[in-house]
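Below is one structure, written out as C-alpha cells, with a few remarks after it.
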Amino acid sequence: PEHQQLIVDSGALSHLVNLLRRYKDSSTSRAVISVIRRAADAITNLAHENSSIKTRVRMEGGIPPLVELLEFTDTKVQRAAAGALRTLAFKNDENKNQIVECNALPTLISMLRSDDAAIHYEAVGVIGNLVHSSPNIKKEVLAAGALQPVIGLLTSCCSESQREAALLLGQFAATDSDCKVHIVQRGAVRPLIEMLHSPDIQLKEMSAFALGRLAQDTHNQAGIAHMGGLVPLLKLLDSKNGSLQHNAAFALYGLADNEDNVSDFIRVGGVQRLQDGEFIVQATKDCVAKTLKRLEEKIHGRVLNHLLYLMRVAEKPVQRRVAFALAHLCSPDDQRTIFIDNNGLELLLGLLGSTNPKQQLDGAVALYKLANKAMTLSPMDAAPPSPTPQVYLGEQYVNNATLSDVTFLVEGRRFYAHRICLLASSDAFRAMFDGGYREKDARDIEIPNIRWEVFELMMRFIYTGSVDVSLDIAQDLLGAADQYLLEGLKRLCEYTIAQDVTLDNVSSMYELSEAFHAISLRHTC
C-alpha cells in the first residue's frame, strides 16, 4: 500500500491514462499495444484494495478509455482493461455508475459469450462487482440480457468463471421471485447441482449458495429436489468448511419447505444426517434445527399417507428410515396409526437386532423418543414466552447512524443498522453476512418487498427484544418475521392475530398460518 500511494503521489496516474489513450493513434504497433496493456495492469495494481486511488483514477479520466479498450482487437488488452474495471468497480459506487454510463454493459455481456476463458472470467468478474450492493445496476444488467450468458458460464471449462457465475446468479435470485423462476426455467439448476460434486471447495460453496437463493420459491424447491439436488446437499453437511456447510444447510432449509420433498428427504436418510451432523458454527446448528422443525410441521395429511405407504411397500432400509424419521417427527396423535396399526414399532425393534452398531443406536434413540412422546401431553400454545435470552443493543440504536456498518434501502429510504445486532438475531441475517458472498461486505442492501413501518417495527424487535404489535400491522409483520426467521416476533404477531379469530375469518386466518408456518395461530384456528 505505501508503494501504491508513493507512485500515485508522484503523478503516475495521468501518464498511465495518457498511455491508455494511445490506442487512438493511427498506427498501433505491437510495442504500443504492449504499453497499453501494461498501463491497464499498472492501474489494476495501483488501485487494488485502495479506495482513494480508485477514486483518483476516475478523477484523472481513466474509466472511459478502459471501457473503450474492451472492444480493442487484441484480446490481451481486452483482458487487461476488464481486469482494471473489475478492480475499480469493487465497493466504489461512483466508479460503478461511470462504467455503466460509459455503456460498458453491452460489450461486457458479449464478452461473457467469448470462447476465451480468460475473457469471460474477467467480464463476469466486472459484472459481479458492478451489481454488488447496487440494486439499480443489477436491474440494468438483467435488462441488458446478462442472464442467459451467465447461466451458460456454469458449464464453462474455467472453474473461476463457473464460481463467479454461480455467485452472480445467487445475487440475481435475491432480486425478486420472478427472477428466481426465470433462472430455473433457463436451465441453471442441473449445472449448479453438478457443481456440488466438484472437488473445488469454492465452486461447491457458490453453487450451494445459488441453490439456497433459488430454493426460496415453492416450485423451484420441488424442481431442485427432483433433479437430484437433495443427496449432494446432504453430503455437504459432512464438510469441514464452515461456509460450505452453512450454505448447504440453508439450501436444505429451503427445500424442506415443500411438502413434495418431505418423503424424499426421509427416504434418502436426510433426517439421520441432519440429526447426526457435526456442525461447525452455531448459525448452521440453528438452521438445521429449523429444517427439522419444518419437516415435522408437514408430517400429516397426504405426506403422512405417502410415508405410511413407503413403510409398507419400500425396501427394508427405506422402511426403517421412514420409521426412524416418524419416531422423531410425528405428532403424538398419529403415533398409534404409525407404530401399532402400520407396524412401525416392529421396524424400530428390528433395528435393535441389527449387527450394525449405528443402526442399533438409531433404533434405541427412536424408541426412547417415542416413549417420551407417548408420556407427554401435546402442549397448546398460549401467550408467547419471553424471547430467548440474548443481549440487545437497545432502543437508542434503532435507525441510528452512530457506529452503523450496514444500511438497508426500504421504499427508497435509508435505514441504519449494526451487523453485530443482526448476526445475533436470526439465521437469515447470519446467512446474509457470514457466508462467502456479496452481502457479506455490502454497505447498502435493498429490501424490495417490506413497507417502511413494518421493517422499522421488525428492527425495533431485533434491537430491544419486544414490541407492541397492533392488529392493523400484525399480518404484514408476521410475513416479515417469517422471511427473516425471527421466531420470537412471529409468536408476538400470532398472539395478536389469534385474539381476533372469529367464525367469519377463521378460514382466511388458517390460510395465513399455513403460508407463514405459524403453528400457534394454526392451533387457535
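Residues take their numbers from the sequence shown, with the count starting at 1.
- For the residue pair Thr55 / Asn92, a side-chain donor-acceptor distance below 3.5 Å is found, with atom types taken as modelled.
- In this structure a side-chain-to-backbone donor-acceptor pair under 3.5 Å is present from Gln221 to Ala215.
- A salt bridge between Glu395 and Arg460 is present, with a side-chain N of the basic residue lying under 4.0 Å from a carboxylate O of the acidic one.
- His517 and Asp257 are linked by a side-chain donor-acceptor pair at a separation below 3.5 angstrom, with hydrogens and angles left out of the test.
- Remark: Thr291 OG1 to Lys293 NZ distance equals 13.0 Å, nearest 0.5 Å.
- Listed by chain and number, the residues in a salt bridge (Lys or Arg N to Asp or Glu O under 4.0 Å) with Lys54 amount to none (sequence neighbours excluded).
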**Prompt:** Going through the distances and angles, do Asn400 and Thr402 end up as a side-chain hydrogen bond (donor to acceptor under 3.5 Å, both in side chains)?
**Reply:** CA-CA 5 Å; Asn400 186 335; Thr402 305; 2.8 Å; yes
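- Among all heavy-atom pairs drawn from Leu20 and Ala39, the shortest one is CD2-CB, 4.0 Å.
- The heavy-atom pair separating Ala173 from Ile183 by the smallest distance is N-CD1, 3.9 Å.
- In this structure, the separation between CG on Asp264 and CG on Asn258 is 10.0 Å, given to the nearest 0.5 Å.
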N/O donor-acceptor pairs under 3.5 Å from side chains in residues 4-11, not counting sequence neighbours:
from	atom 1	to	atom 2	distance (Å)
Gln4	OE1	Asn50	ND2	3.3
Gln4	NE2	Asn45	O	2.8
Gln4	NE2	Leu46	O	3.1
Gln4	NE2	His48	O	3.1
Gln5	NE2	Asp9	OD1	3.3
Asp9	OD1	Arg56	NH1	3.1
Ser10	OG	Leu6	O	2.8

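- Counting only N and O atoms by type, the side chains of Asn136 and Glu140 include no donor and acceptor under 3.5 Å apart.
- Here the side chain of Asp286 pairs no donor or acceptor atom with the backbone of Asp427 at under 3.5 angstrom.
- Ion pairing between Arg451 and Glu453 holds under the 4.0 Å rule for side-chain N and carboxylate O.
- Considering only heavy atoms from C-beta on, Val469 stays 4.5 Å or farther from Ile497 through its side chain.
- Exactly one residue among Leu244, Leu233, Asn241 makes a side-chain contact (heavy atoms from CB on, under 4.5 Å) with Lys204. That residue is Leu244.
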**Prompt:** Could you walk me through whether Asn247 and Phe209 pass the side chain to side chain contact (heavy atoms under 4.5 Å, CB included) check?
**Reply:** CA-CA 5 Å; Asn247 284 356; Phe209 163 61; 3.6 Å; yes
**Request:** Begin from the C-alpha positions of Tyr484 and Ile447 and carry the test side chain to side chain contact (heavy atoms under 4.5 Å, CB included) through to its verdict.
**Result:** CA-CA 12 Å; Tyr484 287 95; Ile447 304 294; 3.3 Å; yes
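- Nearest heavy atom pair, residue Leu168 against residue Gly128, reads CD1-CA, 3.8 Å.
- In this structure, Asp482 contributes its side chain and Leu478 its backbone to no donor-acceptor pair below 3.5 Å.
- The CD atom of Gln185 sits 10.5 Å away from atom CG of Leu147, with the distance rounded to the nearest 0.5 Å.
- Side-chain contact between Val184 and Lys180: absent, with no pair of heavy atoms (C-beta onward) separated by less than 4.5 Å.
- Remark: the backbone N or O of Ala40 is paired with a side-chain donor or acceptor of Thr44 at under 3.5 angstrom.
- The cationic group of Arg414 does not satisfy the cation-pi geometry with Phe408, failing either the under 6.0 Å distance to the six-membered ring centre or the 45° limit from the ring axis.
- A donor-acceptor contact shorter than 3.5 Å links the side chain of Glu494 to the backbone of Leu521.
- One finds the CG atom of Leu274 at 13.0 Å from the OH atom of Tyr253 (value rounded to the nearest 0.5 Å).
- Between the side chain of Lys96 and the backbone N or O of His132, at least one donor-acceptor pair lies under 3.5 Å.
- For the atom pair CZ (Phe455) and CG (Asn399), the distance works out to 9.0 Å, reported to the nearest 0.5 Å.
- In terms of heavy-atom proximity, Gln78 sits nearest to Leu70 at CG-O, 3.4 Å.
- Enclosure of atom CZ in Arg190 is not indicated, since only 12 or fewer non-hydrogen atoms of other residues, nucleotides or ligands lie within 6.0 angstrom.
- Proximity of Ile445 to Thr407: side-chain heavy atoms (C-beta onward) are nowhere separated by under 4.5 Å.
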**Message:** Using ring pair (Phe, Tyr, Trp, His ring centres under 6.0 Å), reason through His418 and Tyr463 one step at a time and then give a plain yes or no.
**Reply:** CA-CA 10 Å; His418 307 78; Tyr463 277 73; 5.7 Å; yes
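- For Glu278, the CD atom is loosely surrounded, since the number of other residues' heavy atoms within 6.0 Å does not exceed 12.
- Between Arg491 and Ser520, some side-chain heavy-atom pair lies under the 4.5 Å cut-off.
- Legend: residues meeting salt bridge (Lys or Arg N to Asp or Glu O under 4.0 Å) with Glu194, ordered by chain and number and at least two apart, are absent.
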**Item:** side chain to side chain contact (heavy atoms under 4.5 Å, CB included) between Ser470 and Thr496, intermediate numbers included
**Value:** CA-CA 7 Å; Ser470 60; Thr496 298; over 6 Å; no
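- If you take CD1 on Ile519 and OG on Ser513, they are separated by 7.5 Å, rounding to the nearest 0.5 Å.
- Under a cutoff of 6.0 Å and an axis angle of 45°, Arg86 and Tyr121 form a cation-pi pair.
- Remark: His197 NE2 is packed, more than 12 non-hydrogen atoms of other residues, nucleotides or ligands lying under 6.0 Å away.
- Contact annotation: the side chain of Arg430 never approaches that of Thr284 to less than 4.5 Å [non-hydrogen atoms, C-beta and beyond].
- Annotation: side chain of Leu154 is in contact with side chain of Leu169 (closest heavy-atom distance under 4.5 Å).
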**Item:** Criterion side chain to side chain contact (heavy atoms under 4.5 Å, CB included) on Met459 and Leu422, from CA distance to verdict
**Value:** CA-CA 9 Å; Met459 297 301 277; Leu422 301 173; 3.5 Å; yes
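- Minimum interatomic distance between Gly125 and Glu164 (heavy atoms only, all atoms of both residues): CA-OE1, 4.2 Å.
- A donor-acceptor distance shorter than 3.5 angstrom exists from the side chain of Gln245 to the backbone of Leu237, with no hydrogens or angles considered.
- Between the Ser404 side chain and the Ala417 main chain, a donor and an acceptor come within less than 3.5 Å of each other.
- At least one side-chain heavy atom of Val398 sits less than 4.5 Å from a side-chain heavy atom of Phe415.
- Between Ile450 and Ala480, the shortest heavy-atom distance links the atoms CD1-CB, 3.9 Å.
- Open room surrounds CG on Asp468; 12 or fewer heavy atoms of other groups in view lie less than 6.0 Å from it.
- With hydrogens and angles disregarded, a donor-acceptor distance shorter than 3.5 Å links the side chain of Lys490 to the backbone of Phe516.
- A heavy-atom distance below 4.5 Å is found between the side chains of Gln483 and Asn449.
- In this structure, Gln499 contributes its side chain and Tyr495 its backbone to a donor-acceptor pair below 3.5 Å.
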